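Structure first, then comments.
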Amino acid sequence: MDAADTVRVRFAPSPTGLLHVGGLRTALFNWLFARHCGGRFILRIEDTDRKRYDPRALPDLLESLRWLGLDWDEGPEVGGDYGPYFQSQRIHLYQEYARQLVESGAAYYCFCAPERQGADDARPESRRGAATGYDRRCRWIDPHLAAERVAIGEAAVIRLKMPLEGHTTFHDLIRGDITVENSTQDDVVLLKSDGYPTYHLANVVDDHLMRISHILRADEWIATAPRHVQLYKAFGWQMPAIAHLPVVLDPSGKGKMSKRKKIAPDGRALPVHVRDFREAGYLPEAMFNYLALIGWRYDAHTELMTRQEIIERFTIERINPTAAAFDYQKLDYFNGVYIRQLSVDDLTDRLLPFVQRKGWQVEHETLRRIVPLIQERIERLDQVTEWVDFFFVEQLPDYDAQLLIPKQADAAATRHRLQRAREVLAQVEPFTHDAIEHALRTLAGQLGVKTGQLFQPVRVAVCARTVAPPLFGSLEVLGRERVLQRIDQALAKLSGASQQAAQ
RNA sequence: GCCCCCAUCGUCUAGAGGACCAGGACAUCACCCUUUCAAGGUGGAGACAGGGGUUCGAAUCCCCUUGGGGGCACCA
């Protein structure tokens, strides 16, 4: 028997909202484990909560997984031998298995009204603060009587009979043995009164029927694992191996990554949903690499790895149990590294939508000439617009004339330098990076000023900013005509400024 | 409140009793390079939560405390 037959893992999200990074990380680890082992990665949709169902969720999920390059071997749109892969299409199965448990005495019908259960303050004083929310009243009803009540149509749920004494132990691949006193456990609902299963039932039934070999799920499921163990026991099924992944924490380390957007110090909204990361200009390959490192590590030194390297090196043994804060700064760094590794053509393609989104009419060929100037200056694709705006606007935004004047110079000196620069730039042939550089450096020598003292006024004149892409390349792309025109405008601005100063 | 999980620099982590006066990465600071900003280079600062054990020897094993996280739904 080869691994393809033995290792079967699944990502089983609930379509209640947009996929967020925490979910993506869980999917990634499952996918990595499957690919490492040559096993199967299964996508199952746990749509058993009719109240929270969100129609946007499924398309967003599929798109997000594909964006990161996580392909599934069985599931929506690809099918498979163990379908259907939507739990809403398997309701009859869960009902059947739930009834089976009632018949075997492992579960029972409960007729209690929902209001009588649940919330702590709704419980009798004697049970307040107790671990279990439900007092098991219906557990003691005679099974035949209960069956009759169900037969005449009385609303009921089906609950699992947890052992009242002893303890339940299971082996977590990452944490080792975990033991829980059964007395602290609830008689969990398996089948709701609307006939839909709860997570606990559907999950166990499907994992078994779909022959899942390993469960890699988020940390927050640890508390419910004992009831799953008892469920497998009640069915007489072998439980898959199980590992609980460390949760992804908020950047502050306080609490898990919430689904609400966060605000960065610079005011922009920090992405939380996968689609937000894409729209902010994170590269899937950078995201893939960074996400793999949340809770997993290959060795002491290696962090930047290709997708293939990560697949080859990924093992459950090297997943650590500690919750980890999501570090946007480090993600940005990774993204910058991956952006710099891209070919100019590739980066241009990826940048184009961000530039066009801004409303500028830009051709691939034009942007392609600019990309080398900014490639090592951006960490996110969306930052491109801050760098290239002056290439595409007809009229430069108004800027403070003072920016033109370098420290250790005044308006008059600056005017002079700009005039000379204009003359030189009007003549230089060809109007290319090297020729421009040579001409301007020569001019600086003739003027007896440091290069920066000459370059700054020119830079501000053409870019309207002091921080901009490299000057000579920018001038070449802008072309002589626009450069001269903008220097003229700067000169006019300077005369205006000096006249004002004189008055 | 109860149950469970976790605990090394600000953050992510390496470390599976001696190779650790604890290594790497991000962030940070300084310097170099330099037409601005970056990128790159060099260097600096920065942690084993506390207390008990076990041991010749503990970041590594055990216990307690503290701290953090997660869970306690007819949600997943």
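Worth saying up front: this structure is predicted, and the values here are computed from it rather than measured. Numbers restart at 1 for each chain; the letters A, B, ... are given by sequence-line order, proteins then strands.
- Each of Phe326(A) and Ala156(A) was assigned the nucleotide of RNA chain B with the nearest heavy atom; the assignment lying further toward the 5' end belongs to Phe326(A).
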Pairs under 3.5 angstrom, nitrogen or oxygen only, protein versus nucleotides 17-24 of chain B, please.
| unit_1 | atom_1 | unit_2 | atom_2 | d |
| --- | --- | --- | --- | --- |
| G23(B) | N2 | Ala300(A) | O | 3.4 |
| G24(B) | N2 | Glu303(A) | OE2 | 3.2 |

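- Between U35(B), G68(B), U13(B), one nucleotide has an atom nearer to the side chain of Lys254(A) than all others, and that is G68(B).
- If you check the side chains of Asp250(A) and Ser252(A), you find a donor sitting under 3.5 Å from an acceptor.
- When distances run from any side-chain atom of Phe472(A) to the nucleotides U35(B), C37(B), C3(B), the shortest one goes to U35(B).
- Among the nucleotides C74(B), A14(B), G40(B), the one closest to any side-chain atom of Arg340(A) is G40(B).
- Among the protein residues, Gly336(A) comes within range of no part of the nucleic acid, since none of its heavy atoms lies under 4.0 Å from any strand.
- Of the nucleotides present, none pairs with C21(B) by Watson-Crick or G-U wobble criteria with both distances under 3.5 Å.
- The side chain of Ala324(A) lies closest to U13(B) when the candidates are C75(B), U13(B), C37(B).
- No N or O donor and acceptor, one from the side chain of Thr198(A) and one from the base of C74(B), sit under 3.5 Å apart.
- At the phosphate of A76(B), neither OP1 nor OP2 sits under 4.0 Å from any side-chain N or O atom of Asn203(A).
- Proximity of Arg159(A) to the phosphate of C74(B): a side-chain N or O atom is located under 4.0 Å from OP1 or OP2.
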inquiry  = Evaluate Asp54(A) against Thr16(A) for side-chain hydrogen bond (donor to acceptor under 3.5 Å, both in side chains), listing each step before the verdict.
reply    = CA-CA 5 Å; Asp54(A) 183 343; Thr16(A) 53; over 6 Å; no
request  = Report the C-alpha separation of Asp219(A) and Arg175(A) in whole Å, then their side-chain angles, then the decisive distance to 0.1 Å, and conclude whether the salt bridge (charged side-chain N to carboxylate O under 4.0 Å, His left out) test is met.
outcome  = CA-CA 11 Å; Asp219(A) 210 338; Arg175(A) 288 152 224 276; 3.8 Å; yes
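- When distances run from any side-chain atom of Pro470(A) to the nucleotides A76(B), U36(B), G69(B), the shortest one goes to U36(B).
- In this model, a donor atom of one side chain and an acceptor atom of the other lie less than 3.5 Å apart for Arg10(A) and Asn203(A).
- In this entry C33(B) has no Watson-Crick or G-U wobble partner, no candidate having both defining distances under 3.5 Å.
- Within the 4.0 angstrom heavy-atom criterion, no nucleotide atom of any strand lies near Pro15(A).
- Taking atom CG on Leu291(A) and atom C1' on C26(B), their separation rounds to 16 Å, with Å as the unit.
- Base pairing of U28(B): its partner is G44(B), meeting the Watson-Crick or G-U wobble criterion (both donor-acceptor distances under 3.5 Å).
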task = Could you give me the CA-CA distance, side-chain angles and deciding distance for Asp177(A) and Thr169(A), then say whether side-chain hydrogen bond (donor to acceptor under 3.5 Å, both in side chains) is met?
result = CA-CA 7 Å; Asp177(A) 286 346; Thr169(A) 299; over 6 Å; no
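- Rounded to an integer number of Å, the gap from Gln329(A) CD to U13(B) C1' is 16 Å.
- Leu373(A) places its CG atom 16 Å from the P atom of A39(B), with the value rounded to the nearest Å.
- Listed candidates were A76(B), G69(B), U13(B). Nearest to the side chain of Thr48(A) is A76(B).
- The number of heavy-atom neighbours closer than 6.0 Å to NE2 of His171(A), taken from other residues, nucleotides and ligands shown, is above 12.
- Arg318(A) comes within 4.0 angstrom of sugar-phosphate atoms only, judged by non-hydrogen atoms across all strands, and of no base.
- In this structure, a donor-acceptor pair under 3.5 Å is present between the side chains of Tyr338(A) and Asn289(A).
- Summarising the geometry, the separation between CG on Leu403(A) and P on U35(B) is reported as 21 Å, rounded to the nearest angstrom.
- Within the 4.0 Å cut-off from OP1 or OP2 of C75(B), at least one side-chain nitrogen or oxygen of Lys51(A) is found.
- Using a 4.0 Å cut-off, some side-chain N or O of Lys192(A) falls inside it from OP1 or OP2 of C75(B).
- A salt bridge does not link Lys192(A) with Asp194(A): none of the charged nitrogens is closer than 4.0 Å to a carboxylate oxygen.
- In the set A27(B), U13(B), G71(B), G71(B) carries the atom at the smallest distance from any side-chain atom of Ala223(A).
- For the pair Ile91(A) CD1 and C74(B) C1', the computed distance is 13 Å after rounding to whole Å.
- Across the protein-nucleic acid pair, Tyr108(A) atom OH and C74(B) atom P stand 11 Å apart, rounded to whole Å.
- Here the two rings, on Tyr282(A) and Phe334(A), have centers that are 6.0 Å apart or farther.
- Between Ala325(A) and Tyr333(A), it is Ala325(A) whose nearest contact on RNA chain B lies nearer the 5' terminus.
- Between the side chains of Asp49(A) and Tyr199(A), no donor N or O sits under 3.5 Å from an acceptor N or O.
- Between Pro163(A) and Gln230(A), the shortest heavy-atom distance links the atoms CG-NE2, 3.5 Å.
- Partner assigned to A73(B) is none, using Watson-Crick or G-U wobble distances below 3.5 angstrom.
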Please list, pair by pair, any protein nitrogen or oxygen found under 3.5 Å from a nitrogen or oxygen in nucleotides 5-7 of chain B.
| unit_1 | atom_1 | unit_2 | atom_2 | d |
| --- | --- | --- | --- | --- |
| C5(B) | O2' | Arg175(A) | NH1 | 2.6 |

